[in-house]
Participant: 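Take this structure, written in structure tokens, and hold onto it; I'll ask about it next.
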Amino acid sequence: MAENSEKWNRAAKGFKQYIKLEKGLSKNTVEAYMRDYTLFAHFILRQYDVAPTQVEQYMVERYLAYLFEECNHARTSQARELSGVKSFYNYLLINDKIEASPTEMITTPKRSRHLPDILTIDEIELIINSIPLDNIKGKRDRAMLELLYSCGLRVSELTSLRLSDIFFGEG
């Protein structure tokens, strides 16, 4: 283990210099990549005890599973951590230390999308009823809000609507 650990330490020095000087990454990004590198190196040494040049794709996949299952890292964190690992293996490729990257076929975890908060029916009615109808602008604004709400339109769809888009005969 000590032999492989030393190989990871030597690789870390070269990688840090590469991302700092050649890639010109900011200090914070360099620190984040090095944290990601260290976490990855420790995982590989604990689980497989291999040198950085001997890492295979299934090991990287197992690392991602570890981040998700054991560390409870969010997908965005996993994606950033994988980016650091991919950058490390690109460094090894550029310096002819490896022939192919074990990260080449690994896709970045997708960010989960959350549904937006929505207004209640009472809140919508309160907004619509708060518009005064004593002038033409008020009538226009209320009609626009009613249309947005009842048809589920986007604002851009509403503003591009033309009278010819409305089929009165079909309701």
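The chain is numbered in sequence order, starting from 1.
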Participant: Which distance, rounded to the nearest 0.5 Å, do you find between the CD of Glu99 and the OG1 of Thr53?
Facilitator: 11.0 Å
Participant: Give a yes or no on whether a salt bridge exists between Glu3 and Lys7, defined as a side-chain N under 4.0 angstrom from a carboxylate O.
Facilitator: yes
Participant: Side chains of Met34 and Ile19: does their closest heavy-atom pair fall under 4.5 Å?
Facilitator: yes
Participant: Tell me every residue that passes side chain to side chain donor-acceptor pair (under 3.5 Å) with Glu70, counting only those two or more places apart in sequence or in another chain.
Facilitator: none
Participant: Decide yes or no for Tyr58 and Tyr48: does some side-chain heavy atom of the first lie under 4.5 Å from some side-chain heavy atom of the second?
Facilitator: yes
Participant: Is the side chain of Asn135 donor-acceptor paired with the backbone N or O of Lys137 at a distance under 3.5 Å, no angle test?
Facilitator: yes
Participant: Using modelled atom types only, decide if a donor and an acceptor are shared between the side chain of Trp8 and the backbone of Val50 within a distance under 3.5 Å.
Facilitator: yes
Participant: Heavy-atom distance under 4.5 Å between the side chains of Leu39 and Leu67, does that happen here?
Facilitator: yes
Participant: Between Thr108 and Leu82, which heavy-atom pair has the shortest distance, and what is it?
Facilitator: CA-CD2, 3.9 Å
Participant: Contact between Tyr66 and Phe40 at the side-chain level, heavy atoms closer than 4.5 Å - yes or no?
Facilitator: no
Participant: Which of these, Val60, Val85, Leu93, sits in a side-chain contact (heavy atoms from CB on, under 4.5 Å) with Ser101?
Facilitator: Leu93
Participant: Side chains of Ser87 and Lys23: does their closest heavy-atom pair fall under 4.5 Å?
Facilitator: yes
Participant: Mind listing the closest non-hydrogen atom pair of Ser83 and Tyr33 along with its distance?
Facilitator: OG-OH, 3.0 Å
Participant: When you compare the side chain of Phe43 with that of Arg62, does any pair of heavy atoms fall below 4.5 Å?
Facilitator: yes
Participant: Can you find a pair of side-chain heavy atoms, one from Glu6 and one from Asn9, that are under 4.5 Å apart?
Facilitator: yes
Participant: Taking all heavy atoms of Met59 and all of Gln54, pick out the closest pair and write down the distance.
Facilitator: CE-O, 4.2 Å
Participant: Between Gln57 and Ile106, is there a donor-acceptor pair closer than 3.5 Å when you use the side chain of the first and the backbone of the second?
Facilitator: no
Participant: Taking the side chain as every heavy atom from C-beta outward, state whether Tyr149 and Leu119 have any atom pair closer than 4.5 Å.
Facilitator: no
